[in-house]
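What follows is one structure encoded as structure tokens, with my remarks underneath.
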Amino acid sequence: MPPSTAAIDRDVLRARTAVAFVFGLNGVALASWFARVPVARDALGLSAGQLGALLLALSGGAVLALPVAGMTVHRLGSAKTVAAATTLASAGLALTGIGAGVFGSTTIAAVGLFALGYGSGTCEVAMNVEGAVVERRLARTIMPRFHAAWSLGTVSGALAGAACARVGVPIAVHLSVAAVVMVTGTVLATAAFLPDTAEGDQPRSARPRVLAAWREPRTLLVGLLVLVMGFTEGTANDWLAVAFVDGHEVGAAAGAAAFGVFVVAMTVGRTVGTAALDAWGRGPVLFGTMLAAAAGALLAVLAGSVTLALCGVALWGLGASLGFPVGMSAAADDEHLAPARVSVVAVIGYTAFLAGPPLVGFLGDHVGVLRALLVVPLVLVPALALIPAVRKP
């Protein structure tokens, strides 16, 4: 006897909560490390250049994971992939803390960061695939709220990290506890994920092929759009506080507050933007939000007062909030091809987080960090031509 509609709805709602929880825990874990970077730098005695090289281990792990994550999801399913990837990421997080805080070993810390990056990168694809499945079952837009959960997780992880640093909790203890929380909560949550489509139920021609996805024009165009939106978001994350301190001549606390305004605006946009997407569709909403992000970045740079510049930051955050999750939803429109396509889009999109910081830094050396942020609207406006790629087939 087939399950009732009410039972199916309950399963989907449980899966929705579980996916949001996994997104949040992933954000907590990464923010826990970033909050303790200064402590790790001092414990390892690293210069700025050496610290940059160490941080590449995290990015390198993620970049290597993303191209094969789609195949892993296809073979194991979303739930098993998320559980396995989170176990690896948690072990890496704990190893990083132990390597820096107990052994004072850059090598051990680098190995830990590589594992954290590889696990997080794999989990990124798997949880977006599962989120897209839940979104289709609900028949309404929900992906931006999953990414809002990730943003809330980063805020929580950063606050916890700041508190641990303030009271002197050793980095090894802090990151080990965060790792245990991450793996325990995530593994329990994956039990509520929706069952994967059976392999035999898929026609052979519809099985995901990562290499084939790299030859699909629509997938590549969606990836380029996600790249631009990742650059728009990542530039603010990396440089906004510094730009306000150097360019608007405010104190460090005010610079941090500017970054806080951006993160809050992003979270709000991802929370309430789902209603706009359902009402007007992906294309019109992205067109409006991308223009808002471009205008907000211009205002943040060119405003004559700090208050007006902060209004620009808020507009920037709201405008940048939906591009990345909408791109992931678009890549996963076909459930059977979702793992391959999400993997490809993630690889292209995450290039922004590797290339963005050096590009803005190079420009900042020549025109100042604040003026360098003008590259954001210069990139956003031409990218409006990519919006038709995210429309539902």
Side-chain angles (χ1 to χ4, degrees), residues 56 58-70 117 120-122 124-125 127-129 131-132 143-144 147 150-151 210-211 213-240 262 266 269-270 282-283 285-287 289-294 296-297 316-317 319-333 338-363 372-391:
L56 279 178
L58 178 67
S59 301
V63 169
L64 288 177
L66 291 171
V68 298
S120 295
T122 303
E124 174 75 20
V125 173
M127 65 189 185
N128 272 288
V129 169
M143 186 69 84
H147 287 260
W150 189 90
S151 298
V210 173
L211 293 179
W214 279 101
R215 298 192 294 270
E216 297 174 352
R218 177 180 182 263
T219 300
L220 297 179
L221 291 174
V222 171
L224 288 176
L225 181 62
V226 171
L227 169 67
V228 171
M229 299 312 296
F231 177 79
T232 302
E233 177 183 347
T235 297
N237 289 336
D238 292 329
W239 295 105
L240 200 53
F262 180 81
M266 283 274 295
R270 286 174 171 173
R282 294 171 180 170
V285 171
L286 278 190
F287 188 85
T289 54
M290 289 172 67
L291 283 180
W316 183 353
S321 63
L322 296 177
F324 203 97
V326 167
M328 290 298 180
S329 290
D333 277 333
R341 289 173 174 170
V342 170
S343 178
V344 170
V345 169
V347 170
I348 299 173
Y350 272 82
T351 304
F353 296 102
L354 292 177
L359 172 62
V360 177
F362 173 79
L363 293 174
L373 297 184
L374 290 174
V375 72
V376 170
L378 289 176
V379 170
L380 273 171
V381 173
L384 294 172
L386 299 171
I387 290 176
V390 303
R391 292 173 180 162

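Just so it is clear, the structure is predicted and the values come from calculations on it, not from any experiment. Keep in mind that the numbers below use all heavy atoms, side chains included, and drop hydrogens, waters and symmetry copies.
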Decide yes or no for Val342 and Met328: does some side-chain heavy atom of the first lie under 4.5 Å from some side-chain heavy atom of the second? yes
Give, for atom CG of Leu220 and atom CG of Leu386, the distance between the pair rounded to the nearest 0.5 Å. 11.0 Å
Applying side chain to side chain contact (heavy atoms under 4.5 Å, CB included), can you list everything that pairs with Thr122, at least two apart in sequence or on another chain? Ala65, Ala69, Thr81, Ala85, Tyr118
Applying side chain to side chain contact (heavy atoms under 4.5 Å, CB included) to Trp214 and Val347, what does each step give before you reach the verdict? CA-CA 10 Å; Trp214 279 101; Val347 170; 3.8 Å; yes
What one should report as the nearest heavy-atom pair of Ala213 and Val344 is CB-CG2, 3.7 Å
Leu384 side, atom CG; Leu286 side, atom CG - distance, nearest 0.5 Å: 9.5 Å
I need the Ser120 OG to Leu66 CG distance, nearest 0.5 Å. 10.0 Å
Which heavy atom of Ser151 sits nearest a heavy atom of Arg270, and at what distance? OG-NH1, 3.2 Å
Is the backbone of Phe231 close enough, under 3.5 Å, to the side chain of Thr235 for a donor and an acceptor to pair up by distance? yes
Can you see which heavy atom on Arg391 is nearest to which on Asp333, and at what distance? O-OD2, 4.4 Å
Who pairs with Val228 by side chain to side chain contact (heavy atoms under 4.5 Å, CB included), at least two apart in sequence or on another chain? Thr232, Val379, Leu380, Ala383
Quick one: which residue pairs count as a salt bridge (Lys or Arg N to Asp or Glu O under 4.0 Å) with a foot in residues 338-348, not counting sequence neighbours? Glu216-Arg341
Which distance, rounded to the nearest 0.5 Å, do you find between the CG of Leu363 and the CG of Leu373? 9.5 Å
Please test Val390 against Arg218 for side chain to side chain contact (heavy atoms under 4.5 Å, CB included), starting from the C-alpha separation and ending with a verdict. CA-CA 8 Å; Val390 303; Arg218 177 180 182 263; 5.5 Å; no
If you take all heavy atoms of Gly70 and Val125, which pair is closest and at what distance? N-CG1, 4.3 Å
Of the non-hydrogen atoms in Phe262 and Ala320, which two are nearest, and what is the gap between them? CZ-CB, 4.5 Å
In Å, rounded to the nearest 0.5 Å, how long is the span from CZ of Phe324 to CH2 of Trp150? 9.0 Å
With a 4.5 Å limit on heavy-atom distance, are the side chains of Met143 and Asn128 in contact? yes
Full working for side chain to side chain contact (heavy atoms under 4.5 Å, CB included) between Met290 and Val381: CA-CA 8 Å; Met290 289 172 67; Val381 173; over 6 Å; no
Show the numbers, then the answer: is there a side chain to side chain contact (heavy atoms under 4.5 Å, CB included) between Ser329 and Arg282? CA-CA 10 Å; Ser329 290; Arg282 294 171 180 170; 3.8 Å; yes
Closest contact, heavy atoms only, Gly323 versus Met229: CA-CG, 3.6 Å
